[in-house]
Amino acid sequence: SFNWEDISCISNVIIRIMLFIFPFIRLSCALIFLTFLIRNSYIVIFLGCYASFFEMLPVKNRYLFSTTNLSLLMNFKDGVITAISVKQALLTITVSLIASVIYLGLGYIVFKKRDMR
């Protein structure tokens, strides 16, 4: 069982929680893009609910989808929250920000073509 005495340092927990922001921003931007593309918020809500199933895909690069990236950040070895590597943190931030910009850019293009006529 897990208890708070097993945590080597509270800063490891805080860093992991702060890194959660970036995959959540990426997931939000992807759902915004899908909303512009599909034009039906109910379908996008449905897709958002089932986005966690991407975690079950045999993906080699865990940074590809925001849900697999979140599961990577929440992966604790032997119930102990260890320090996250700098490479892992930088990949999470970089991939999330680049994907977010791409999603928002594509969403703007779709919005401008369809709705700004």
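Applying the salt bridge (Lys or Arg N to Asp or Glu O under 4.0 Å) test to every pair with at least one member in residues 94-111, sequence neighbours left out, gives no pairs at all. Evaluation of the salt bridge (Lys or Arg N to Asp or Glu O under 4.0 Å) test over residues 91-101, restricted to residues two or more places apart or in two chains, returns none. Screening residues 35-48 for salt bridge (Lys or Arg N to Asp or Glu O under 4.0 Å) gives Arg39-Asp115 as the qualifying pairs, with residues at least two apart or on separate chains.
A 4.5 Å side-chain heavy-atom check between Leu34 and Leu31 finds at least one atom pair inside the cut-off. Contact check for Arg26 versus Leu97: no side-chain heavy atoms found under the 4.5 Å cut-off.
Legend: residues meeting side-chain hydrogen bond (donor to acceptor under 3.5 Å, both in side chains) with Ser100, ordered by chain and number and at least two apart, are absent. In this view, Phe33 and Leu37, Tyr103, Leu106, Val110 satisfy the side chain to side chain contact (heavy atoms under 4.5 Å, CB included) rule, not counting sequence neighbours. For the ring-ring contact (aromatic ring centres under 6.0 Å, His included) test, no residue two or more places apart in sequence or in another chain qualifies with Tyr108. Checked against ring-ring contact (aromatic ring centres under 6.0 Å, His included), Phe22 has no partners two or more places apart in sequence or in another chain.
For the side-chain contact (heavy atoms from CB on, under 4.5 Å) with Ile98, the qualifying choice from Val101, Val95, Thr94 is Thr94, the only one to do so.
Residue Leu90 belongs to a hydrophobic cluster whose other members are Val86, with links defined by side-chain heavy atoms closer than 4.5 Å. Other residues sharing the hydrophobic cluster of Ile21, ordered by chain and number and joined by side-chain separations under 4.5 Å: Ile25.
Minimum heavy-atom separation, Ile32 to Leu104: CG2-CD2, 4.3 Å. Across every non-hydrogen atom of Gln88 and Ile84, the tightest pair is OE1-CG1, 3.0 Å.
From Ile43, atom CD1 reaches atom CD1 of Ile38 across 6.0 Å, with rounding to the nearest 0.5 Å.
In terms of modelled atom types and a separation under 3.5 Å, the side chain of Arg114 and the main chain of Ile109 share no donor-acceptor contact.
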